[in-house]
Number of protein chains: 4
Amino acid sequence: MAPRSKEENEIIRNKRKAEIILVALELFATNGYHSTSISAIAQKGGISKGLMYNYFKSKEDLLKEVLLFSYKKASDTLFEKMQAEIQYKSLKDAIKTVIEFFIEMMTENAHIWKLSISLSMQVTDMPDVQTIMSKIFSEAYLRIAFLLNPENPKTVEAEARIIAATLDGIALHYYVIGASYDLDAVKNKLIEDLTSKF
Amino acid sequence: MAPRSKEENEIIRNKRKAEIILVALELFATNGYHSTSISAIAQKGGISKGLMYNYFKSKEDLLKEVLLFSYKKASDTLFEKMQAEIQYKSLKDAIKTVIEFFIEMMTENAHIWKLSISLSMQVTDMPDVQTIMSKIFSEAYLRIAFLLNPENPKTVEAEARIIAATLDGIALHYYVIGASYDLDAVKNKLIEDLTSKF
Amino acid sequence: MAPRSKEENEIIRNKRKAEIILVALELFATNGYHSTSISAIAQKGGISKGLMYNYFKSKEDLLKEVLLFSYKKASDTLFEKMQAEIQYKSLKDAIKTVIEFFIEMMTENAHIWKLSISLSMQVTDMPDVQTIMSKIFSEAYLRIAFLLNPENPKTVEAEARIIAATLDGIALHYYVIGASYDLDAVKNKLIEDLTSKF
Amino acid sequence: MAPRSKEENEIIRNKRKAEIILVALELFATNGYHSTSISAIAQKGGISKGLMYNYFKSKEDLLKEVLLFSYKKASDTLFEKMQAEIQYKSLKDAIKTVIEFFIEMMTENAHIWKLSISLSMQVTDMPDVQTIMSKIFSEAYLRIAFLLNPENPKTVEAEARIIAATLDGIALHYYVIGASYDLDAVKNKLIEDLTSKF
DNA sequence: AATGAATGAGGCTTCATTCAT
DNA sequence: TATGAATGAAGCCTCATTCAT
C-alpha cells in the first residue's frame, strides 16, 4: 500500500470535483440555487459535507464552477460541432444549421440555461457570475459575426447581436410559455427570414 | 372615540400596501427574491415585520402582488401610451415607435424586467408566478401581431413572436452585458431591418 | 336617542361576555387552548380584537372564565338534575342513576372535560386553573359521599373518592381510546359492582 | 485523522438523544408541550438549537420519542418488575402488589403521567400521539385482565377496565388535588375492596 | 483525505397585547 | 363602547460553515 503519488491524487481529486459539479448542476437546475443545500449535493454526490469544503471554497464558489462547466459544455456541444459542419456550407445553409443547433441545444439543456439566465438577472452579490455570463454572450456575438462575414466581422456586429438576441429571446419565451409555445413555427419562420436576408 | 371609518382605513391600507410593494420590488430586483428578507422590506418600508403579514399573507403572496403591479405598470407605460400614438402613423413609423418605446421602457424599468425574467426562469413551487409571466408574454405577442396586421393577426403570429423574442433578447443581453452593450447601434439596426421588411 | 342606562349597559355587557365565553369554549375545546388565537375568538364572536380586551383582561383570564362557566354548566346539568331524581329512590337506584348521568354527561360534554383535564395536568403558570379544578373534584366527592351516607358522609369519604376516581378514569380512557372503547359493557359492569355492594 | 468510527458516533449520538429526551420530558411535563420551546430544551440540555434538529426531525418528533421513552420506562418499572413478584403470590396478594406498585409509580413518575394525560386530552393534529397513548392504555387492560384470570382474560375484560380506570382516575385526582389528597386512605380502601372481591 | 457533529445566524410566521382614533 | 392597525417578542426550522477526530 504505497501512498498514492501526487499526480494520482490530483487526478482523483479532479474526477471527484467533476462528479460533484455535475450533481450540483442537476440540483441547482432542478430546484434552484437557493433551494439546494450543500448537504443535498454532498449526499447525492456520495461524499461528506465536510469534504465539499475541501473541494469548493463556498457554495458560491461551487456555483461559479458549475456555471463555467456549463459554459464549457455548451461550447463543446454547440460551437465546435457547429463550426465543423459549417465550413463546407453556403452561408444560407450555415445559418440554418446554427439556428437548428441552437434550438436543439436550448431545449435539451433547458435546465442549465434557465439557471444561468436566472442567476445573471440577480447579480448584485455575485459579480463573478455576471462576468461569466457576459463573456459567454460576447463570445456568441463574435462567432455569429464571424459566420456572417469572416473577413470583416466588425461590420456586422449589430446584426450579429440582433440574431443572438433573437435566439436567446426565443429561448426565454419558450422557457416561460412552456409546452404551448409553437417552437417549430417560430424556428421555420426565423430560418426563412434570415436565409432570405443573407 | 369612534374608530376610523372603513373607507379611510381602506385608503390608508392601500396606500401603505402600494408603498411596500414598491420597496419590495426594488429589493427583490436588486438582491433577488430569496436573498431579500421580509425583515429587510419591512425595515426599508418603515413598518414592523408583523404588520407585513397584515398586508400580505406570505412572502410569496407579496411577490405575486409585486409581479402584478409590475405588469400593470408596464402595460400602462408601454402599450396604452404606445397605441395612442400609433394609430395615426404608418406601419413603418409605428414599428419604429414600438421599438423605441420598448428600449426606453426596458432601460428605465430594468428592475422589474430583471426580476420577472429571473423569477420565471426559476423552477419554483410557485405555479402562480409562472402563470402570471406566461400571460404577460402572451399578451405581448397579440399586441404586436395586431399592430402588424390588425385585420388578420393570426397570420403574422410567428413573425410577432420573433419580434417579441428579439426585443426581450436584447433586453436580456443588455442586462447581462451592461454599460458596454451598444444599445443604440442595436436599436438603429433593428429599426432599419424591420421597417425595410414591413 | 337617550344614552343607555347603566343597568342596560351592564346587561348587554354580560350577555356579550357570555356569548364570547361560549365561542371561546367551543374553540378551545375543539382546537386546544394554545392553538386558538384571540383573533379567531373575536372573529367568530363577531366583535373586534380590541373589544376582547375590554371584556377579558387577558387570554388566560378568558380561559379561567371559560372553565368556571363550564363547571357551572356541568353542575347545573348534572348534580341538580340528579338530586331531584335521587331523593325518591333507593340507594341502589340512586347509584345507578348517578352512573348513567355521569356517562351521559361525559360523552356529551367531552370537549369541556378534555380541555379541563388537559389544562389541569399542566398548570405551573396557571395556578387558578388548578384551583378551580380542585374545587370541582372536591365538591364531587362530597356529593357522592353524601349520597352514600347522608347522615355521616365523612365515614365514606375514601369510598366516595374511589367511585369518583373510577368515573373520571373511565372518562379518561374513553377519551383516549375513542370509539373502540366498549363504554356500555363498562357501565353495566360498574353498575352491577356498585349496586351489589351498597 | 480518521473520522470517528460509525459505532462510536452511534453510541454518542444515542446517549445524547437520551439526555435530551429526559430534559424534554421534564420541561414538557412541567410547562406543557406548547409552552416549552425547542430553544429552552436545547439550552437546558447544553446543546445548540441547530443540533436539536439533527437528533429530532421536528418538535413533534421529539414529543413522540419522549412519549415512547416514557412508556418504555413505565413498562420497565411497573409491569415487568411486577410480574416477577406476582407469580409466586395468591391473587389477593398480587392485587395488593399491583395497586401498591401503581401508586408508587404514579407518584414517582408524576411528570410522565401528567404529560401523557394532558397530551392525550388535547385535540391535536398529531394522530401518532393519540395512537401511542391508546396502545399504552390498551396494553394495561390486557395485563390486568391476565392477572385476574390468566386462563380466560377475555371474561374479565370489563372488570379489568374498571380497575384500570380506577387507578388512572386516582392518579388524575391526586395530580389535580395535590398534597391534600389522602392517597394512603384511598389506597388502603381500594386494596380492601378489591381483595375482598377476588 | 474524510467524516459528520456542532454551531449560530438568520428566515418566515404567529400572536397576545396596546393604542390612536 | 368599539375598531383594527401596529408592534415586538417569540417560535420553529434550515443551512452554510467550522472543527475535532
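Around CD of A:E19, the count of heavy atoms belonging to other residues, nucleotides or ligands within 6.0 Å exceeds 12. Applying the 6.0 Å contact sphere to NZ of A:K44 captures no more than 12 heavy atoms from other residues, nucleotides or ligands.
Side-chain contact check for B:M121 versus A:V176: some heavy-atom pair is nearer than 4.5 Å. With a 4.5 Å cut-off on side-chain heavy atoms, C:L119 and C:M133 do not count as touching.
Rounded to whole Å, atom C1' of F:dA16 lies 14 Å from atom CG of A:L63. Between the CD atom of A:E60 and the C1' atom of F:dC15 there is a distance of 16 Å, rounded to whole Å. With rounding to whole Å, D:R16 atom CZ is found 9 Å from E:dA6 atom C1'. We find that OH of D:Y33 is positioned 13 Å from P of F:dG11, with the value rounded to whole Å. In this structure, the CD1 atom of C:I38 is 17 Å from the C1' atom of E:dC19, given to the nearest Å. Atoms CZ (A:F56) and P (E:dA1) sit 14 Å apart, rounded to a whole Å. In this structure, A:Y53 places its OH atom 17 Å from P of F:dA20, rounding to the nearest Å. Separating the CD1 atom of A:I41 from the P atom of F:dA16 is a distance of 8 Å, rounded to the nearest angstrom.
Distances shown here put every side-chain N or O of B:R13 at or beyond 4.0 Å from the OP1 or OP2 atom of F:dG4. Contact check, D:N54 against E:dA5: a side-chain N or O comes under 4.0 Å of OP1 or OP2.
Using a 4.0 Å heavy-atom cutoff across all strands shown, B:Y55 reaches sugar-phosphate atoms only and no base atom. Residue contacts for A:S35: at a heavy-atom cut-off of 4.0 Å it reaches no nucleic acid atom on any strand shown.
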Q | Worked verdict on D:S116 versus D:I136 for side-chain contact (heavy atoms from CB on, under 4.5 Å) | A | CA-CA 10 Å; D:S116 302; D:I136 294 175; 5.9 Å; no
Q: Kindly determine whether B:L51 and B:R16 satisfy side-chain contact (heavy atoms from CB on, under 4.5 Å), including the steps that lead there.
A: CA-CA 11 Å; B:L51 190 50; B:R16 268 287 177 76; 4.1 Å; yes
(Q) Apply side-chain contact (heavy atoms from CB on, under 4.5 Å) to residues B:I21 and B:F56 and explain how you reach the verdict. (A) CA-CA 10 Å; B:I21 286 174; B:F56 308 96; 3.8 Å; yes
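Near DNA chain F, meaning a heavy atom under 4.0 Å from it, residues 43-52 of chain B has B:I47, B:S48, B:K49, B:G50, B:L51 in order of number.
The salt bridge (charged side-chain N to carboxylate O under 4.0 Å, His left out) with B:E65 is formed by just one residue from the set B:K59, B:K72, B:K17; it is B:K17.
Using a 3.5 Å distance cut-off with no hydrogens or angles, the side chains of D:S35 and C:H34 do pair a donor with an acceptor.
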(Q) Let me check I have this right: for DNA chain E, each base becomes ., (, ), [, ] or |, based on Watson-Crick or G-U pairs with both distances under 3.5 Å. What is the full string? (A) .||||||||||||||||||||
